[in-house]
2 protein chains.
Amino acid sequence: MVDDYLAYRFNAAMADPLDTVFAALADPTRRAILNMLLEDDMAVTDVAEPFEMSLAAISKHLGILTKSGLISQEKRGRVKWCKLEPDALRAASVWMQGFGQFEPVNLDAFERFLEHELDSDA
Amino acid sequence: MVDDYLAYRFNAAMADPLDTVFAALADPTRRAILNMLLEDDMAVTDVAEPFEMSLAAISKHLGILTKSGLISQEKRGRVKWCKLEPDALRAASVWMQGFGQFEPVNLDAFERFLEHELDSDA
DNA sequence: GCTATATTCAACCAAATGGTTGACGATTAT
DNA sequence: ATAATCGTCAACCATTTGGTTGAATATAGC
């Protein structure tokens with residue numbers, strides 16, 4: 001049907017992208033990583049440096065972020081570069097817009113949130 | 001310090017609101033519930049009706065949504081009314097805006113997403 | 001060819017998540 | 001008073017999550 005052409009479907013095998021994106025965002029370590037990548041692309045080791053957990057743990061977090069599409073990883077030589085993929089947030093953002101007409105972004109509030117994130121996570 | 005006055009902090013006891021909001025949004029059942037409440041306030045039993053799971057399970061989901069602030073519950077008589085609280089999304093929305101200047105909401109895309117959500121979840 | 005660096009893999013663990021069922025407390029209706 | 005309805009609680013279960021450690025696999029440098 002025409003509907004199926006426009007509104008693509010998910011079978012049991014593939015999870016709704018919103019599931020994985022929101023789940024990825026639910027972890028403070030992962031949000032902190034996204035904030036770091038906002039500044040610049042980074043190697044896995046460098047991403048891990050400020051955190052008090054093992055490199056393997058960060059590697060897992062990066063894997064989750066990659067599966068969700070929020071970042072991409074490209075291996076050049078022996079280092080794997082992590083790059084923010086902000087487009088992946090668009091679906092989630094669009095979904096959220098349905099729940100109220102938010103006033104245009106308040107930059108003060110945004111700065112406070114960013115600040116809090118960096119303080120408490122990194 | 002002045003900073004602490006403006007940028008309020010979280011101790012180990014209280015979780016970052018973003019944690020709970022994003023975690024709440026990561027579950028398709030809970031997103032479907034939010035979509036239902038977008039239409040109207042509903043009693044717990046009525047929320048549960050379209051789902052293929054127990055009332056107790058839905059009650060738990062509603063508890064999680066309430067803790068996250070995404071909905072509120074008010075008991076009148078023997079029925080507990082559930083009400084959408086879209087303000088809780090604002091923090092998350094603001095946080096997400098930091099990751100790219102999304103073009104103004106595309107309503108076509110939004111409708112497709114809503115449609116997909118309703119089809120696959122309910 | 002060795003050695004150091006970058007990253008992942010595999011096995012394991014504790015805690016959290018999402019569901020079930022059955023009993024229970026409140027409230028409403030007969 | 002008794003019965004039906006609304007919703008939660010408690011105990012349980014399987015699976016997922018977020019972390020650890022130690023070994024393994026590239027790749028780069030000497």
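So you know, we letter chains A, B, ... as the sequences are listed, proteins then strands, and number each from 1.
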[N] [atom2] sits how many Å from [X] [atom1], rounded?
| X | N | atom1 | atom2 | result |
| --- | --- | --- | --- | --- |
| B:Ile71 | D:dG7 | CD1 | C1' | 14 Å |
| B:Ile33 | D:dG7 | CD1 | P | 13 Å |
| A:Leu62 | C:dT8 | CG | P | 7 Å |
| A:Trp81 | C:dT8 | CH2 | C1' | 18 Å |
| A:His61 | D:dT20 | NE2 | C1' | 12 Å |
| A:Glu74 | C:dT8 | CD | C1' | 18 Å |
| B:Met53 | D:dC13 | CE | P | 21 Å |
| B:Asp19 | C:dT17 | CG | C1' | 15 Å |

Exercise. So, the side chain of A:Ser59 versus the backbone of A:Leu55: is there a donor-acceptor pair under 3.5 Å, distance only?
Worked result: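 Looks like no, no N/O pair under 3.5 Å.
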Contact check, side chains of [X] and [Y], non-hydrogen atoms, under 4.5 Å:
| X | Y | answer |
| --- | --- | --- |
| B:Leu70 | B:Leu89 | yes |
| A:Asp46 | A:Trp81 | no |
| A:Thr29 | A:Ile58 | yes |

Problem set entry | Candidate nucleotides D:dG7, C:dT20, D:dG19, ranked by approach to the side chain of B:Ala57 - the nearest |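 My answer, after comparing the listed nucleotides, is C:dT20.
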Exercise. Picking from C:dA6, C:dG18, C:dG19, which would you name as closest to the side chain of A:Thr45?
Worked result: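 Shortest atom-to-atom distance from the side chain points to C:dA6.
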Can you tell me if [X] touches the phosphate of [N], counting only side-chain N or O atoms and a distance under 4.0 Å to OP1 or OP2?
| X | N | result |
| --- | --- | --- |
| B:Ser59 | D:dG7 | no |
| A:Ser54 | D:dT20 | yes |
| A:Lys80 | C:dT8 | yes |
| B:Arg78 | D:dA4 | no |

Exercise. Of A:Lys60 and A:Lys75, whose nearest nucleotide on DNA chain D comes first from the 5' end?
Worked result: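 Going by which nucleotide is closer to the 5' end, it is A:Lys60.
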Problem set entry | Whichever of A:Ala23 and B:Ala56 has its nearest DNA chain D nucleotide further upstream toward 5' |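 Checking each residue's closest nucleotide, the 5'-ward one belongs to B:Ala56.
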For this session: Name the nucleic acid region contacted by A:Arg76, choosing base, sugar-phosphate or nothing; use a 4.0 angstrom heavy-atom cut-off, strictly under.
Result: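 A:Arg76: no heavy atom of the nucleic acid under 4.0 Å.
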Exercise. Toward the 5' end of DNA chain C, which comes first, A:Ala43 or B:Ile64, by nearest nucleotide?
Worked result: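 Checking each residue's closest nucleotide, the 5'-ward one belongs to A:Ala43.
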For this session: Could you please spell out the steps behind the side chain to side chain contact (heavy atoms under 4.5 Å, CB included) verdict for A:Phe22 and B:Arg30?
Result: CA-CA 12 Å; A:Phe22 282 130; B:Arg30 289 193 289 264; over 6 Å; no
